[in-house]
Amino acid sequence: MRKLIIFVLACICAVLLYFTTVSAEKAFRSEWKLPRAPARQQAEYRLVLITQELETPFWDRVGDSAKREAAKAGAGLEVWGSYGNDPEEFLKKLEIAIDAKVDGIIVQGLDSDAFKELTKYKAAFFGIPVITVANDVPMGDSLRKTYVGSNQYLAGRMIAGQLLEDMGPSGTVLLLGDSGNAFYQRQRLSGIRDALGAYPGIRTEYEETRNTREQVIAATQDLMNRFPDAEAFVAVNASLAGAMVQEIGRRARVEPYDIYTFDDSPDALSLFQDGKLDGMIEQSPEAMGRLGVDLLLDWLKGDQIPLDSGGYYTDIRIRKADEAP
Amino acid sequence: MNSIQKKIWSLAGIVLFIMVAIWMTLTYYNRQTLEQYNGILQRYLRLNEVTNASQQTVAELNNYLLLPNSNRLGQLESGRERLRRAKIDILDLRNGENDFALTNYANLIDSLLEATDRSLMFQSEKETEDSSLAFTEATRISKYISDMTLTLLDTDLKTYDRFYRGIIEKSTALTQLGVWLLLTITFLLLIFTYLFSLSITRPVRKLTQAAKELSRGRFDLRVEVASNDEISFLAKMFERMRININNLIQEIQQKAQLEKELQQSKLLLQESRLRSLQSQIHPHFLFNTLDTLSKKAYLEGAEETSDLLASVAGLLRYNLRRLDRAVSLSEEVGVLRQYVEIQKARFSDRLQFRAEIDESCLHVRIPGLTLQPIVENAVIHAVEPKEEGGVIVFRIEGGPDRVTIEIADDGPGIPAERIERMLEGGDAGPEGHSTGIGFGNVVQRLRLFYGMDDVIGIVSENGKGTKVVLTIPRTGSAE
């Protein structure tokens, strides 16, 4: 009896001790350190890439390659920007970047007075170098150091060339552009017009519209009503392409029309893969990001002063519908 | 310090130690947690402080621009100073995640300060438009700062998310630990207290038991307590007391025995005196008559009869005189010889008496009339009943410190139980003794005289005679 009692007591004791030890271990073991990352050597240069269209395939590629390049060079780089077409937010980011005194700004050019005001006066006032990427704003307006991206005029010409090839030397071409009439859009347009100007059989009609879905649809309808014999459409501003193609598709079959655009909008690639586009200008976003960072760092380090104010052009090529996978 | 107290102190000490240890651990732990919380709060408060300071600065700037005076300028300055301090503070918050943002943040604060500077400068140069432009910019920057504060807070929340969860988990674990610890300590303490109290009460119970036995008068049970404290000391004292009481009781018993024996000897003496008085009725007449008879017999030529009568007279005189005094062994031997003479006259050849006497021992003191009754006993029991008579051997041998006196006969012997009775003095009765003194009387007197029990012994074998052995000390008695 006595042995049994002692045994039971010992068991209880062991169980209690076990649980106490386990809970004590749980309570005291876990690391107390705040997850304070080792004080990294602060990056020598803080760069910001600002775009109007965050998280679109095109800009993601630009941003990723820029980040890789910056990391390689030991510089800090963050991608800021606005979602969708939100110039106000975009400009705010730009102003913050300037006020935050970053060492360099790579920005998607916005052809607006506010943008020019910021780059020309404020950035210059703080001595912050600005490089435009993908979309340019002329140096005289923005005091940008240089431009990295596609040669938009050449891109226009290439579209026109493709168009001629597909359509032949006569017909009506409808051009749809954004009413913001940005610098790059003007360049594309002049490229197209210059190329087509040599062919008297080709008639071009240009229409500008505000960049909202309803407006684009209305403009497209209007154009198609006025020029029912049109054979080709070019969305000079790629962001209009989606709504435009949709409207064309609503009115008639899309296939007979030759439709062209550029690849710097979220819609363009999916439209192209669906076979609704006949041709698309493919740019080199990776090269833009990489080159932009390289040039900016070169300038900051004084390796290359001044930068070529004319701009550094990245590769463009045309993708035709029959190339589509 | 003594032992029970030590035990109590050590138990209390252990309990105290455990409690203090737990208390200190928990306090330390709590403090750590608190510091963590403080650190976290500090981060938030500092970020918030930047927002507040920037807003205050802008508000003060606005006030000043509306109505410039030194008082408001002072307030603006204090606002700007607050902002500067806040900026220095937030630089501590830097970590891997918010490095970039924090630098921007600090620079934004600088920009705000610069913008206010510009605004003040333009104000002082009366360029109101530029001044208000700068103010607008300051306002915008202040707004950006607020926004960025939120962004930083958000980043912080994301960065420290795992850490916060860890804290919550740990506090849950701590509660659990508290419960388990309480249970364990309670359990152990109960057991230890039980064992501890047992170690005190068990000896006490034993001691109580022993005391009960003692009070009932049982002094022969040992008091044993296995313990190492005062109780064992008490038990030892108790045991010693028990032994002392035991000894005292034995002593008292012995004394009572002695008393009894003294009383007995007194009675015996009185009895002897009485008898001697009885026989002293006509002592001189008897002596004179015996003397006359002896002389007459001598004159008539009966010399043998004359000697016999002289012996009887001597024996009688000795008997009357020397009973309560010690005499020398030689006197005793003389009386014995006279007695044997008388008996020889009676038994003639049937009685053979042989004496082997070590002369060097004859000075030893011995109570009067001790040998004669023994020899008479031998004559009565060994010689008288037998037709062919018997031999009595009387031997005195000297030892280094003892003298051995042997009286041996060749009679039929005495049964063992009777010997026992005789030695205990129970076999009284002077049946036919000439001096009126029996064997029992002799035994008791010898023992009283020498103060020892083994002074007399009887060796007897059925049909082969009896031997009475007296062993007396050479130095005599205490007399």
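What you see is a predicted model; the values in this text were computed from it and never measured. Just the heavy atoms: all of them, side chains too, but no hydrogens, waters or symmetry mates, feed the values below. Note on naming: letters A, B, ... go to the chains in the order of the sequence lines (proteins, then strands), and numbering restarts at 1 for each one.
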Engineer: Less than 4.5 Å to any heavy atom of chain A: does that hold for the side chain of B:I109, its backbone, both, or neither?
Structural biologist: neither

Engineer: With a 4.5 angstrom heavy-atom cut-off, could you sort out which part of B:I145 is near chain A: side chain, backbone, both or neither?
Structural biologist: neither

Engineer: Counting only N and O atoms by type, is there a donor-acceptor contact under 3.5 Å from the side chain of A:T51 to the main-chain atoms of A:E53?
Structural biologist: yes

Engineer: By a 4.5 Å heavy-atom criterion (distance strictly below it), what part of B:E114 contacts chain A: side chain, backbone, both, or neither?
Structural biologist: side chain

Engineer: Check whether A:L77 gets within reach of chain B through its side chain, its backbone, both or neither, counting any heavy atom under 4.5 Å.
Structural biologist: backbone

Engineer: Donor-acceptor pair, distance only, cut-off 3.5 Å: does the side chain of A:R144 make one with the backbone of A:V137?
Structural biologist: yes

Engineer: Heavy-atom distance under 4.5 Å between the side chains of A:Y147 and A:D308, does that happen here?
Structural biologist: no

Engineer: Heavy-atom cut-off 4.5 Å, strictly under: side chain, backbone, both or neither for A:K92 against chain B?
Structural biologist: both

Engineer: Among A:L9, A:L17, A:I98, which residue forms the greatest number of heavy-atom pairs with chain B at distances under 4.5 Å?
Structural biologist: A:L9

Engineer: Which residue out of A:T21, A:T20, A:V102 racks up the most heavy-atom pairs below 4.5 Å with chain B?
Structural biologist: A:T20

Engineer: Relative to chain A, which segment of B:D110 carries a heavy atom at a distance below 4.5 Å: side chain, backbone, both, or neither?
Structural biologist: both

Engineer: Test B:F196 against every option in B:T201, B:L189, B:I8 by the side chain to side chain contact (heavy atoms under 4.5 Å, CB included) rule and name the one that passes.
Structural biologist: B:I8

Engineer: Within the side chain of A:D111, is there an N or O that forms a donor-acceptor pair under 3.5 Å with the backbone of A:F183?
Structural biologist: yes

Engineer: Answer yes or no: is there a side-chain heavy-atom contact under 4.5 Å between B:E60 and B:T116?
Structural biologist: no

